[in-house]
Amino acid sequence: MSSTPFRGPVAARTHHPEETTTASLVRVHNEWDPLEEMIVGRIEGAQVPAPDRGLWAIEYPELPSIEQIPIGPFPRRVVDETIEDLDLLAEALEKLGVRVRRPDVCDHATPFRTPDWESSGLSNYCPRDLLLAVGETIIEAPMTLRARQYESVSYRSLLMEYFESGARWLCAPRPRLLDSVYRLPGSGARFAIDESEPLFDAANVLRVGRNILYQVSDTGNHLGARWLQRALGSGYRVHALDNLYDSAHIDTTLTLVRPGLVVANAARVSRENLPPLFRSWDVVYFKDVVDTGYVGHPISSVWLGVNFFMVNPHLAIVDRRQTALIRELARHRVDVLPLLLRHARTLGGGFHCVTLDVRRRGELDSY
Ligand code: ABU
């Protein structure tokens, strides 16, 4: 087990007196406390960007060549049905009393340049990938794909509002993402990115109070974990886990239900690599995921089926086609609001990915 704390013992600490304010619209300590405010993504304007080494290495490593990446807009039907599904999710949350926020609509085909390369954008479908809310801090992650370097522009007015309310707003060092960062499919390297600069997608992280789980993988390196530990300070302990899943994001591998209950993807997690934090928890090693299919080329595995989120410790929002999972949650006294994301696999995001919980009612604890 490689759970690597980078700083000393966990201790309560405030960064600066002015940074702790009950008025902050960002205040979230874990994945299950009662939800008060959530960002729900958008699909309008989404596209697969011009191909580059990173897109191939991270999103399409199974393709034999970079030229075979299916670039361009997603099919009209996929976009229209996803607009409906996301709007229904937003409505359902509002009926539950949750304040729902959305990013601005953006044309991701607009090209942009840095001194080193040119790219265009991807989508605003997955706020979870991009922004990390921990306590009263919201962080723009140092994204691993070039195409996603300016995605946070669509969240700018929201970030300003959060800042004005008292939240601590950080942007991780903008990565340079030279060609040499990426290790191409077939190179024999374990991960698609190297350790030359801090890199991580926010969806590599799960919040368990003062313990922050961080998946080292194609979308997060050790330097990224070190940066995050330093940014959060000694009140938190970042656990860098390099034995869970080598590909993108942690939220199809572990899903936290409430203190003491976690759903683990049985294809990736066993007693041997279960994070030590969960040794005294009930663990549902779940295997009966339903493949909900895709159009064209999928950018995620069948395990998007376990990519659900908690509205509170007793209520989950789960894809309604995941009948075995819904039964399993019922066995553990968890109610489910069954909803639909018809194109989750095509677009690379389930219910946890397409949302970002920025405020939950509850206190910071150590678990
Ligand atoms: N965006 C998460 C995809 C992870 C997976 O394919 O399992």
Side-chain angles (χ1 to χ4, degrees), residues 31 39-43 46 48-49 54-63 69-70 74 78 82 85-86 89 121-132 141 143-145 147-148 151 185 191-193 199-206 213-220 224 241-256 262-269 273 285-309 317-319 321-322 325 341-357:
E31 307 278 328
I39 303 176
V40 173
R42 286 193 183 279
I43 196 60
V48 179
L55 193 68
W56 186 26
I58 293 171
E59 296 286 8
Y60 297 94
E62 69 289 352
L63 293 181
I69 296 177
F74 292 98
V78 169
T82 301
D85 292 347
L86 292 172
L89 169 62
L122 178 68
S123 78
N124 294 329
Y125 181 62
C126 292
R128 181 77 57 182
D129 297 357
L130 182 76
L131 299 170
L132 175 61
M143 301 297 289
T144 50
L145 286 179
R148 305 192 74 175
E151 203 172 297
F191 298 127
I193 52 173
L199 293 173
F200 67 91
D201 292 0
N204 275 45
V205 174
L206 288 174
L213 301 189
Y214 175 107
Q215 178 188 278
V216 177
S217 66
D218 288 346
T219 50
L241 306 164
D242 69 1
N243 60 354
L244 281 178
Y245 177 50
D246 288 356
S247 192
H249 307 159
I250 194 170
D251 52 356
T252 52
T253 300
L254 292 168
T255 310
L256 304 180
V262 57
V263 174
N265 170 341
R268 297 177 190 161
V269 184
N273 65 344
Y285 291 97
F286 183 74
K287 58 178 185 343
D288 297 322
V289 74
V290 174
D291 183 352
T292 55
Y294 54 86
V295 177
H297 192 96
I299 43 179
S300 45
S301 71
V302 294
W303 290 101
L304 277 183
V306 297
N307 186 276
F308 63 91
F309 70 84
I317 291 190
V318 181
D319 190 304
R321 297 164 294 188
Q322 298 299 335
L325 177 61
L341 270 179
R342 282 168 277 187
H343 302 292
R345 285 199 69 197
T346 306
L347 298 168
F351 284 111
H352 193 260
C353 305
V354 302
T355 54
L356 177 69
D357 41 348

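Below, all heavy atoms of this structure are taken into account, side chains as well, without hydrogens, waters or symmetry copies. Indexing begins at 1, ligand by ligand and atom by atom, following the structure's order. Predicted, not measured: the structure shown is a model, and the values here were computed from it.
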Quiz item: What is the nearest protein non-hydrogen atom to atom 3 (C) of ligand 1, stated with its residue, atom name and distance?
Solution: Ser300 CB, 3.8 Å
Quiz item: Is the shortest distance from a heavy atom of Arg268 to ligand 1 less than 4.0 Å?
Solution: yes
Quiz item: Considering the options Thr255, Val216, Asp201, Leu213, which one meets the side chain to side chain contact (heavy atoms under 4.5 Å, CB included) requirement together with Ile250?
Solution: Leu213
Quiz prompt | Partner of Phe308 by side chain to side chain contact (heavy atoms under 4.5 Å, CB included), out of Asp319, Ile317, Leu325 | solution = Leu325
Self-check item: For His249, atoms of ligand 1 separated by under 4.0 Å from a heavy atom
Solution: 1 (N), 2 (C)
Exercise. Using distance alone, with no hydrogens and no angle criterion, decide if Asn265 and Thr252 have a side-chain donor and acceptor under 3.5 Å apart.
Key: no
Quiz item: Which of the atoms of ligand 1 are close to Gly348, meaning less than 4.0 Å from one of its heavy atoms?
Solution: 1 (N)
Quiz item: Parallel, tilted or perpendicular: which fits the ring planes of His297 and Tyr60, with parallel below 30° and perpendicular above 60°?
Solution: tilted
Practice problem: First locate atom OG1 of Thr219, then atom CG of Leu199, and finally report the distance between them rounded to the nearest 0.5 Å. | Solution: 10.0 Å
Exercise. Using a 4.0 Å heavy-atom cut-off, say whether Ala248 meets ligand 1 through its side chain, its backbone, both or neither.
Key: backbone
Quiz item: Which option, Ser217, Pro298, Ser301, owns the non-hydrogen atom nearest atom 6 (O) of ligand 1?
Solution: Ser301
